[in-house]
Amino acid sequence: MYQIVATKILAPSIKLFEIKAPKVAAKAKAGQFIILRVDDEGERIPLTIADINRNAGTLTIIFQEVGYTTKKLGCLNEGDNIVDFVGPLGQPSEIENYGRIVCVGGGVGVAPLYPITRALKEAGNEVISIIGARSKDLLIFEEEMKAVSDTFMVATDDGSYGHKGFVTDLLKQVLDEQEVKQIWAIGPGIMMKVICATTKPYEVPTIVSMNPIMVDGTGMCGACRVSVGDETKFACVDGPEFDGHLIDWDLALRRMNIFKDEEKRAEAAGSCGGGCGCQ
Amino acid sequence: MPIIKVKTSMPSQDPKVRKSNFNEVATGYTKEMALQEAERCIQCKNEPCRQGCPVEVDIPAFIQKIKDQDFAGAADKLKEKNNLPAVCGRVCPQESQCESFCTLGKKNDPVGIGRLERFAADYQLEAGVLDPEVTQSTGKRVAVVGGGPAGLTAAADLARFGHQVTVFEALHVAGGVLMYGIPEFRLPKEIVQREIDYIRKLGVDIQTNSVIGKLDTVDELLEKGYDAVFIGTGAGLPYFMDIPGENLNGVYSANEFLTRTNLMKAYKFPEAATPIKIGKRVAVVGAGNVAMDGARTALRLGAEESYIVYRRAAEQMPARDEEIEHAEEEGVQFKLLTSPIEIVGTEDGWVKGMTCVEYELGEPDDSGRRRPIKIEGSEFFMEVDTVVMAIGQGPNPLVPSTTPGMELKSKGTIVAEDGTGKTTKDGVFAGGDIVTGAATVILAMGAGKDAAKAINEYLQNK
Ligand SMILES: Cc1cc2nc3c(=O)[nH]c(=O)nc-3n(C[C@H](O)[C@H](O)[C@H](O)COP(=O)(O)OP(=O)(O)OC[C@H]3O[C@@H](n4cnc5c(N)ncnc54)[C@H](O)[C@@H]3O)c2cc1C
Ligand code: FES
């Protein structure tokens, strides 16, 4: 059992949980992920690590309540336990001093981007951050990101905060004006796809963090396969970060939707099995 | 007394009924059946059957105990050499091991050794196994990496020697392939769970959710005070064919297909939260036990047609005879001497079929099997909407790649001494599929047993 030691609502339907898992916390690095199971009938879902507190032995995860399992997880409170929490999985980000870099995050993707940005900043990079969301109330980790960035920009789709439009608009501006060594982009699949299309003509290496469907997270099932430059890779062990210019995005986006119908069926059958009063 | 020529048949669920449920197919001998079958054993003095058993179970002795109606005694006799008789009675390829050496088998059916093994083990489980005595501690600590048959066997024996054992298992339950791969209808998970509970009672600490190589490495375990490490991480890495279309929606590795169904209980979806998507026409590529399990699972999940697609011929299929028979009875169709060269998708990226080619058998190859040769111009299209790749698994590199100083073979398996499991790294032993490549439960168990003995000696001299 793994205890939820703190919770916070970051935005409507976006929650932060701090989970006690000292052994995982001792080893986890920016860019890695964990897999958890809420209860004995639960599925295994991957979540990228949003922060690590080695002293307290906790990890921070952030999730949007979009599907059956994330909704069920969202019903839990401080002090509650989840049955399984395994990690750290995947390869850590390659942190070094590249020079001037850009970190782009969208939606809940800003959360996993944060520890990477912080590590890049600590490594001496000049960090330009661009984060975005559909609207101001859905924007998360603004203060945290600001604190580890030299330049900080925000875009919202509806213009309720910062630039009205997409993070790619701001990114394009930056690339037109300055020489950038490397870009990290984390967010919804479609956003990462568009970012890669934007940066390709500038030939700036663009690292994305893939979030395909997974089961075990140890290289045992191949559910997480992504096509990278004509090679099939298992995102859980070879990734989750890859060179975004080499990803077959149409394939990756399609594979994320394999169980869309089933997801609806599960939700229709009732999220919490009743009893928690969250519905 | 005249010899009964045929094996007492195994009662089983009707194929028509069982192909739509996940309950165990073979329901097991009754006492009467077991006695009848045990009577067939003529107790040969030279015990040829024993040389066919990788762990040299005293087969005539346990069968004699059944004859004497001392069923628990029969189970104890089995357990002298085999920690998991209820499992092995169900999944061992007896026809190519013990039973292939049985004297009766020269002219008639061999004695049903596997069925008797299962009977004795189940009888004892049913009657209730006494809690084992915990051996006085030697103060030595051993880490076992991987909770499959190899790791669990090593752990149990090491605990009996008095060592303090911790098993680190990557998944949320121990059992390895017995839990995630082999289906419920062939090996009920409750049986595996009871074996695991028993091993816990021996004093073994099983830590799930512990991926070695990601949490601690083998070196770190040694630094943290473990006096020896046993690696039994199996052959969990699924192979694909490397043909176009393999990443389309609707193509699974057998491991994913079976893990979703067995470990995650997708057959109970949505009560169990893990989904599986199954089409009407399913092709499973391969013809080993894994493939048979896949094809039979597909039927139970609601597929209307389930195919085994295999490049070689019927007599070359590596699966246990019983699995092939059961698959046929349930209506699995066999497309032999056939192999896909491409998986074809719809516009929105779902499987709609496979382009296959046909083969004929040529001269024998190095393995002695007649080599399949492609027939030119034989391409044809096979309409299917789900494809399961069951063409084999390799060793997972997670532990080998994080353990410097431990020699590997070219395919990534660990170099370990026969009979001891000693690797080229001091204090580190290995066994099971991670050493042999994908093999069998009994070989993995045997390797775990050998290694436990060798580790015990190593610790005494340390
Ligand atoms: C579908 C299927 C059907 C089969 N049917 C039969 C059959 O009928 N008869 C038969 O004899 N054999 C059968 N086999 C083969 C048999 O199951 C294997 O040979 C046997 O399980 C090998 O045992 P093992 O202990 O070496 O490995 P495994 O059973 O693979 O166990 C390895 C364990 O190690 C864990 N692990 C891996 N990496 C790590 C890590 N880094 N840290 C911690 N833990 C880790 C895994 O999660 C797993 O639990 C079948 C295999 C499959 C897949
Ligand atoms: S999630 Fe199973 S191999 Fe990556």
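Chain letters run A, B, ... following the sequence lines, proteins first, then strands; residues in each count from 1.
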Review point. Heavy-atom distance under 4.5 Å between the side chains of A:Phe17 and A:Leu36, does that happen here?
Key: no
**Study point:** B:Phe257 portion near chain A, given a 4.5 angstrom heavy-atom threshold
**Key:** neither
Review point. Are the charged groups of B:Lys268 and B:Glu184 less than 4.0 angstrom apart, N to O?
Key: no
Practice item. Give, as side chain, backbone, both or neither, the part of A:Arg44 having an atom under 4.5 angstrom from any heavy atom of chain B. Key: both
Review point. With respect to chain B, which residue among A:Ala26, A:Gly42, A:Ala21, A:Ser227 yields the maximal number of heavy-atom pairs within a distance under 4.5 Å?
Key: A:Gly42
Check your understanding: What residue, out of A:Asp216, A:Leu251, A:Val83, has the most heavy-atom pairs lying under 4.5 Å from chain B?
Key -> A:Leu251
Check your understanding: Is atom CD of A:Glu94 surrounded by more than 12 heavy atoms (other residues, nucleotides or ligands) closer than 6.0 Å?
Key -> no
Review point. Heavy-atom distance under 4.5 Å to chain B: side chain of A:Phe234, backbone, both or neither?
Key: side chain
Revision key, fill the gap. Residue from B:Gly213, B:Pro275, B:Ala254, B:Ala235 scoring the most non-hydrogen pairs under 4.5 Å with chain A is B:Pro275
Check your understanding: Does any heavy atom of chain A fall under 4.5 Å from the side chain of B:Glu246, the backbone, both, or neither of them?
Key -> backbone
Point to revise | Contacting region of B:Lys265 [heavy-atom separation from chain A under 4.5 Å] | key: neither
Point to revise | Interface residue of largest heavy-atom contact number with chain A, from B:Leu215, B:Ile276, B:Val211, under 4.5 Å | key: B:Leu215
Check your understanding: Would A:Lys193 and A:Asp250 pass as an ion pair if we require N to O under 4.0 Å?
Key -> yes
**Study point:** chain A contact via B:Leu398 - which portion, at a heavy-atom distance below 4.5 Å
**Key:** side chain
Point to revise | Any A:Arg265 side-chain heavy atom under 4.5 Å of B:Phe269 side chain | key: yes
Practice item. Side chain from CB out, backbone as N, CA, C, O: work out which of these in B:Asp242 comes under 4.5 Å of a heavy atom of chain A, or both, or neither. Key: neither
Exercise for review: Measure distances from A:Ile34 to the heavy atoms of chain B and classify the residue's part below 4.5 Å as side chain, backbone, both or neither.
Suggested key: neither
Exercise for review: Using non-hydrogen atoms and a 4.5 Å limit, figure out which bit of B:Asn396 sits close to chain A: side chain, backbone, both or neither.
Suggested key: side chain
Review point. Is A:Arg54 reaching over with its side chain to a backbone N or O of A:Ala25, donor-acceptor style, under 3.5 angstrom?
Key: yes
Review point. Counting only N and O atoms by type, is there a donor-acceptor contact under 3.5 Å from the side chain of B:Asn262 to the main-chain atoms of B:Gly181?
Key: yes
Check your understanding: For chain B, which of A:Gln32, A:Arg225, A:Arg255 has the most heavy-atom pairs under 4.5 Å?
Key -> A:Arg225
Check your understanding: Any side-chain donor paired with an acceptor under 3.5 Å for B:Thr346 and B:Asp348?
Key -> yes
Point to revise | Ionic contact status for B:Glu220 with B:Lys224, cut-off 4.0 Å | key: no
